[in-house]
Amino acid sequence: MDKTYQPQAIEARWYTEWEKCGYFRPSGTGKPYTIMIPPPNVTGSLHMGHGFNNAVMDTLTRYHRMLGHNTLWQPGTDHAGIATQMVVERQLAAQNVTRHDLGREKFLDKVWEWKAESGGTITQQIRRLGSSVDWSRERFTMDDGLSEAVKEAFVRLHEEGLIYRGKRLVNWDPKLHTAISDLEVLSEEEKGSMWHLKYSVDGSNDILIVATTRPETLLGDSAVAVHPEDERYKHLIGKQVKLPITGRLVPIIGDEYVDREFGTGVVKITPAHDFNDYEVGKRHNLPLFNIFNKDAAIASSDAGIPEEYQGLDRFVARKKIIADAEANGWLDKIDPHTLKVPRGDRSGVVIEPWLTDQWYVSTQPLAKEAIAAVEDGRIEFVPKQYENMYFSWMRDIQDWCISRQLWWGHRIPAWYDNNGNVFVGRNEAEVRSKHNIAANISLRQDDDVLDTWFSSALWTFSTLGWPENTPELKTFHSTDVLVTGFDIIFFWVARMIMMTMHFVKNEDGTPQVPFKTVYVHGLVRDAQGQKMSKSKGNVLDPIDLIDGIDLESLVAKRTSGMMQPQMAEKIAKATRKEFADGLNAYGTDALRFTFLSLASTGRDIKFDVGRIEGFRNFCNKIWNASRYVLMNCEEQDCAQDGATDYELSVADRWIISRLQEAEKSVADAIAQYRFDMATQAVYEFFWNEYCDWYLELSKQVLNDANATDAQKKGTRRTLIRVLEASLRLMHPMMPFITEEIWQRVKMLAGATGDTIMLARYPQADSNRIDEPACADIAWLQQVILGIRNIRGEMNISPGKHLPVLLRNGDDSDRTRLASNQLFLMKLANIASIDWLNTGDTAPLCATALAGNLEILIPMSDLIDKNAELARLQKEIERLQKDSENISKKLDNESFVAKAPAEVINKERDRLAENSSALSKLCEQMDAIRAM
RNA sequence: GGGUGGUUAGCUCAGCUGGUAGAGCAUCGCCCUUACAAGGCGGGGGUCACAGGUUCGAACCCUGUACCACCCACCA
């Protein structure tokens, strides 16, 4: 083996080997275990969220595969309608071409070209993460099978009356020229103004002052509303006001929607351009004046808008109206005002409520089952608190606008005749025959496509062959766990639950849930807790953490292709400061282990490069420990021939015990999705116990000329077998390094099989926990620690062989010393050990205690008397403080009366131990002082 | 306006059903000892945000406050 761990040298070849050998495919036997990958954007590239996500999913997948389950991790990609279309449009824009110049078909060809060109990026990157997905089953939301599923779902929902078409207000994106769903609108607080405008009451000299944040919409006002009980205005209800500019007369209405306390208590009502006003308008039968075109510029309309306003952008029109108001005296005042501005999550422009024809899914009937499934535990969220978020949204769910005025996506399977009739069917022929439409009547398919999330909602079952009742669907559905970020619970998780339960049924007709568990994780943020984003220039690419990147390349990457080039300098500076040496090549295993170690309770994850460095070092530790084991076991008898001519030492029996406990911890942790605890358990076991203690102990046996063959064999056997088991234990988290080493140790450890991937996962066996051995090693550690502590604090060179005197030990101390003397002498670097009789006076010594056993190190010239006195003083103070606290408790009558006996006894024992230790240390201080 | 999560060592976080506050990184000291300096050994460092309450006993349970983050909601 190479002297240092080189991840790139081993990671490159194993993945191809695994994939080539088909190890990722379900075994076909055992209990099914299924995870569906959240399909990334087909033309996207890997980000930290994917890295985290994949680490978790692959750990679960490999774990269950090694448990012998029939494990499927289904991969695939999403066509990501708006996002992908925007990318291609941007490319065209660079050549001064619009999609309309090309026309629909040619444009779609371009998108498919782009997909072919960039579609492999993300899947190749997922391979770099070591993800053991079954690539032979890879799907794409727009491939034939899934498109069929989409069509089928749409048609069935329509037949059932759960999809309908209607004209109503939608969130219109004036830049992208499409409707979007409520979820795609982000409202942020922004500073704006509140304009107070004077409307004159018709037939009187009264003036009403309306307060508005959107003065331009007054062109489309249908009424002015006041609260029906408002003493200031109620006498005006039923009268009319004359709108400025258009001069239209609109009624003054009373509606409880109006908040008397807010603004002036008078609200202008624009039913065609405001969701609330729309509702008010319906209640009062107000006419709708649509004053905007698809760009949200002022349109000619029946509202009587003067020509000079027509064609003006909404914000230009606003300015003009304010200028007009000021000039003509109907502007009362302008107050600064912060308001929530709705913006499209993709385009960033202000969303306009606009009246159009769209397709909707009627969600309430679907939500009922979906709520029940979470209520009764058929679906469980981890962590649980996300269920509240789910419930609160689902219980107040709005119909889902699923049509998009885009070209890239699943075209809506609806056809229109020239009379405006609409027919839904799987294809034109079906529509014609079903509705008896003659061939000479022309039909035109709906131009719109479906919301991307419509196809995503079918993902768990469409990928398994639905609507066919395939064997895969029967075997692998419901899936076991969905691993996803909290940010798409509404977009995706909730809709998947609704759609799946509606379409996929058990044999008895009860609905199947898409997954039994939803593991929700937070966002991966940068070391400062900032959201990673291109515009902030703080993005880390998982691939760069794996392969490393030099500073200049990183700076170039972060500052290229920016929307705001003026930020480049600042970003470059910050990057140079934070990553002065660029990024090291930490390797996939370290990256995965880091993600897992951060996967605690569903909160956001701050990713600090210091963490990954620590875990790369852990990989190095595994590597070097394995080198040591191999050096000592290769071409040696490791007692794997079935013969029993070997002997296990206390150390052997102890490390085997500890392995069982580590195995149990890992299994418990994974069962609770606490990957942080799983990584901690293996880290601690491997580094702090196997390496720090057991390997050192093993050296003493292997290098001891007096040790028997049986003892050496026992040690080698334990060394190699515990290593081999540890590798299997760690494999789901760190697949590459464990495979690489396992291939070298498997024979020696008596393991068989071609790959660690398919080896059996280690199972804790409580029968193999040897309590006496553990107690012996704990004793040994305590004694060694005592000596090392003296050495360290007294600044005695590690190379100095120390003589040690022991006093006051009982029989078990003597037995333990006898059987562990060699270990003790070597690990503490001791020259000699001698017993003093109780009461014997010792020479000037430094002291450590192990229970009642006094460990004395003659100080002679080694040690500074005052330093030892100070050291003892420190320890005495610690014990005194502790004893005081215990005494206080024990003196408290109600504690003694009410606390459980177990707790009381524990405190009493501790107090006794403390006082015994104290008296020994005090004696020792006196002795030192006396000398 | 409702709701959720958070506040523990310099930093990032654990801390299961209340019973002696932990880890990694950073830091300090001694060591290039034949697996590993990407390392070994030893040390220092915390009024568990604040105020009350329950309890023999609270980081943990209850109430309230402050600050941070996020989600939802129609305030023109």
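Residue numbers begin at 1 in each chain, while the letters A, B, ... track the order of the sequences. Remember, predicted model here, so these are calculated numbers, not experimental data.
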hbond_proxy A:Lys699 side chain to B:A35 base (donor-acceptor, 3.5 Å cutoff):
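Flag set: donor-acceptor pair detected.
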What does [X] touch in the nucleic acid at a heavy-atom separation under 4.0 angstrom: a base, only the sugar-phosphate, or nothing?
{"X": "A:Tyr257", "value": "base"}
{"X": "A:Val896", "value": "nothing"}
{"X": "A:Lys384", "value": "nothing"}
{"X": "A:Phe615", "value": "nothing"}
{"X": "A:Arg674", "value": "sugar-phosphate"}
{"X": "A:Phe275", "value": "nothing"}
{"X": "A:Asp259", "value": "base"}

Can you confirm whether more than 12 heavy atoms, excluding those of [X], are under 6.0 Å from its [atom1] atom?
{"X": "A:Glu189", "atom1": "CD", "result": "yes"}
{"X": "A:Lys826", "atom1": "NZ", "result": "no"}
{"X": "A:Lys198", "atom1": "NZ", "result": "yes"}

Ring-plane angle category for A:Tyr519 and A:Phe675, please: parallel below 30°, perpendicular beyond 60°, tilted otherwise.
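Geometry flag for A:Phe675 against A:Tyr519: perpendicular rings.
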Given pairs defined as Watson-Crick or G-U wobble with both distances under 3.5 Å, what dot-bracket annotation applies to RNA chain B, with ( ) intrastrand, [ ] crossing, | other strand and . unpaired?
(((((((..((((.....[..)))).(((((.......))))).....(((((..]....))))))))))))....
Sticking with atom [atom1], work out how far [N] lies from [M], rounded to a whole angstrom.
{"N": "B:U63", "M": "B:G22", "atom1": "C1'", "result": "29 Å"}
{"N": "B:C60", "M": "B:C16", "atom1": "C1'", "result": "11 Å"}
{"N": "B:A21", "M": "B:C74", "atom1": "P", "result": "49 Å"}
{"N": "B:G18", "M": "B:G57", "atom1": "P", "result": "15 Å"}
{"N": "B:G19", "M": "B:C62", "atom1": "P", "result": "15 Å"}

Every protein N/O lying under 3.5 Å from an N/O of nucleotides 2-8 of chain B:
| from | atom 1 | to | atom 2 | distance (Å) |
| --- | --- | --- | --- | --- |
| B:G6 | O3' | A:Arg603 | NH2 | 3.4 |

Measure the distance from CD1 on A:Ile796 to P on B:C31 and round it to the nearest whole Å.
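Value for this atom pair: 13 Å.
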Between B:G24 (P) and A:Phe675 (CZ): distance, integer Å:
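The answer, rounded to whole Å, is 23 Å.
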Carboxylate-amine/guanidinium contact A:Asp604 A:Lys531, below 4.0 Å:
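Looking at A:Lys531 together with A:Asp604, the answer is no, because their closest N to O distance does not fall below 4.0 Å.
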Phosphate contact (B:G57 OP1 or OP2) by A:Asn892 side-chain N/O below 4.0 Å
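So the side-chain polar atoms of A:Asn892 never come under 4.0 Å of the phosphate oxygens OP1 or OP2 of B:G57.
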Would you indicate, yes or no, if B:G42 has its OP1 or OP2 atom less than 4.0 angstrom from a side-chain nitrogen or oxygen of A:Asn795?
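Checking B:G42 against A:Asn795, no side-chain N or O comes under 4.0 Å of OP1 or OP2.
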Contacts of A:Tyr628 that satisfy side chain to side chain donor-acceptor pair (under 3.5 Å) - sequence neighbours left out:
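In terms of side chain to side chain donor-acceptor pair (under 3.5 Å), with neighbours along the sequence ignored, A:Tyr628 is linked to A:Ser698.
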Proximity to RNA chain B (any heavy atom under 4.0 Å), residues of residues 685-696 of chain A only:
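Those residues are A:Trp687, A:Cys691, A:Asp692, A:Leu695, A:Glu696.
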Would you mind building the protein contact string for nucleotides 16-22 of chain B? One character per nucleotide, 5' to 3', B for base within reach (heavy atoms under 4.0 Å), S for sugar-phosphate only, - for untouched.
---BB--
Using the salt bridge (charged side-chain N to carboxylate O under 4.0 Å, His left out) criterion, which residues pair with A:Lys384? Sequence neighbours excluded.
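Salt bridge (charged side-chain N to carboxylate O under 4.0 Å, His left out) list for A:Lys384, sorted by chain: A:Glu380, A:Glu387.
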